[in-house]
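See structure below.
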Amino acid sequence: YSTIWMARALPKDGKIITAELTQKHADAAKANFEYAGEASKIKIIVGSAVETLPKLQPSEPFDLVFIDADKESNALYYKEARRMTRKGGVIIVDNVVRRGRTADPDINTPEIIGVQKLLQAIKDDEGVEATTIATVGEKSYDSYTYIFVL
């Protein structure tokens, strides 16, 4: 869903790379990209992003990276996004407040620990400025973190 909206915002020669864990999900995504008329802008990589992202060597640095995947691996995704994002580029990580659970010291699920590790990595990275923006709606409340690469 978000990939289609980003593709619509790109110029005709813009490109998106998206990662899908399974071929089933990749096939569904491809069908949706084709239906939306945006498939020519989107390349799908199939496999665990934990394994595929470190191998990705883009010919040009990315302007924008949007991370919305398993929260346990957020710190690794951030590290790889940072490696591939140009100075002046942006990294956005979705779902970091987790209905306030990220700040609760009594909650230590793998998802929450993953988000906490991500936030620590951002805090320790002197090459970025970041802020978290709250979102509130029908599905409760959450947020995304907007990271500007200096």
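Atoms considered below: every heavy atom in the structure, side chains included; atoms not considered: hydrogens, waters and symmetry mates. Because the structure is predicted, anything quoted here is derived from the model rather than measured.
- Here the side chain of S73 pairs no donor or acceptor atom with the backbone of L76 at under 3.5 angstrom.
- Following chains of ILVMFWY side-chain contacts shorter than 4.5 Å, one cannot reach L10 starting from Y35, and the two form parts of different hydrophobic clusters.
- Looking at Y144 and D68, their side chains never bring a donor and an acceptor atom within 3.5 Å of each other.
- Criterion: ILVMFWY side-chain heavy atoms under 4.5 Å apart, direct or through other members. Under it, L53 and I122 are part of a common hydrophobic cluster.
- Here the side chains of F66 and D94 are in contact, with some heavy-atom distance below 4.5 Å.
- The number of heavy-atom neighbours closer than 6.0 Å to CD of E129, taken from other residues, nucleotides and ligands shown, is 12 or below.
- If you take NZ on K79 and CE on M84, they are separated by 11.0 Å, rounding to the nearest 0.5 Å.
- By the 4.5 Å heavy-atom criterion applied to side chains, L150 and K87 are not counted as neighbours.
- Annotation for F148 and G88: closest pair CE1-O, 3.5 Å, computed over non-hydrogen atoms.
- K71 places no side-chain N or O within 3.5 Å of a backbone atom of I112 that could act as its donor or acceptor partner.
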- [ ] Dump the intermediate steps for side chain to side chain contact (heavy atoms under 4.5 Å, CB included) on I92 and V65, then the final yes or no.
- [x] CA-CA 6 Å; I92 297 173; V65 174; over 6 Å; no

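- Scanning all heavy atoms of the two residues, the minimum distance from G114 to N74 falls at O-CB, 4.0 Å.
- When all heavy atoms of A36 and R8 are compared, the closest pair comes out as CB-NH2, 3.7 Å.
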Task: side chain to side chain contact (heavy atoms under 4.5 Å, CB included) evaluation trace for V149 with R86 - done: CA-CA 7 Å; V149 180; R86 70 172 175 81; over 6 Å; no

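- When all heavy atoms of T145 and A130 are compared, the closest pair comes out as CG2-CB, 4.2 Å.
- In the hydrophobic clustering of ILVMFWY residues, with side-chain heavy atoms under 4.5 Å counting as a link, I45 and Y78 come out together.
- With rounding to the nearest 0.5 angstrom, the NZ atom of K117 is 10.0 Å from the CD atom of E72.
- Residues T3 and E38 form no side-chain contact, since every pair of their non-hydrogen atoms from C-beta on lies 4.5 Å or further apart.
- Criterion: ILVMFWY side-chain heavy atoms under 4.5 Å apart, direct or through other members. Under it, F33 and L64 are part of a common hydrophobic cluster.
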Open item on the list: Quick one, R98 with V115, criterion side chain to side chain contact (heavy atoms under 4.5 Å, CB included). Give me CA distance, side-chain angles, the key distance, then yes/no.
Closed with: CA-CA 9 Å; R98 315 290 299 165; V115 174; 4.3 Å; yes

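- To the nearest 0.5 angstrom, T135 atom OG1 is 5.0 Å from D142 atom CG.
- Side-chain atoms of Q116 come within 3.5 Å of backbone N or O of T102 as a donor-acceptor pair.
- K43 is not listed as a side-chain neighbour of I16, based on a closest heavy-atom distance of 4.5 Å or more.
- At a threshold of 4.5 Å between non-hydrogen side-chain atoms, the residues R83 and Q57 count as touching.
- Distance check: I42 CD1 to E34 CD gives 10.0 Å after rounding to the nearest 0.5 Å.
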Task: Stepwise side chain to side chain contact (heavy atoms under 4.5 Å, CB included) test for V90 and I147 - done: CA-CA 6 Å; V90 172; I147 307 153; 6.0 Å; no

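- Among all heavy-atom pairs drawn from G127 and D125, the shortest one is N-OD1, 2.8 Å.
- Of the listed residues (L118, T132, L119), just one forms a side-chain contact (heavy atoms from CB on, under 4.5 Å) with V93, and that residue is L118.
- Linking ILVMFWY side-chain heavy atoms closer than 4.5 Å, directly or via other members, places F62 and V128 in a single hydrophobic cluster.
- Annotation: side chain of E80 is in contact with side chain of P54 (closest heavy-atom distance under 4.5 Å).
- Of all the heavy atoms in E20 and A29, the pair that sits closest is OE2-CB, 4.1 Å.
- Looking at heavy atoms from C-beta onward, I91 lies out of side-chain contact with Y146 at the 4.5 angstrom threshold.
- Within the 4.5 Å cutoff, the side chain of I133 has no heavy atoms near those of the S143 side chain.
- Under the 3.5 Å distance criterion, the side-chain polar atoms of K15 are matched with a main-chain donor or acceptor of S40.
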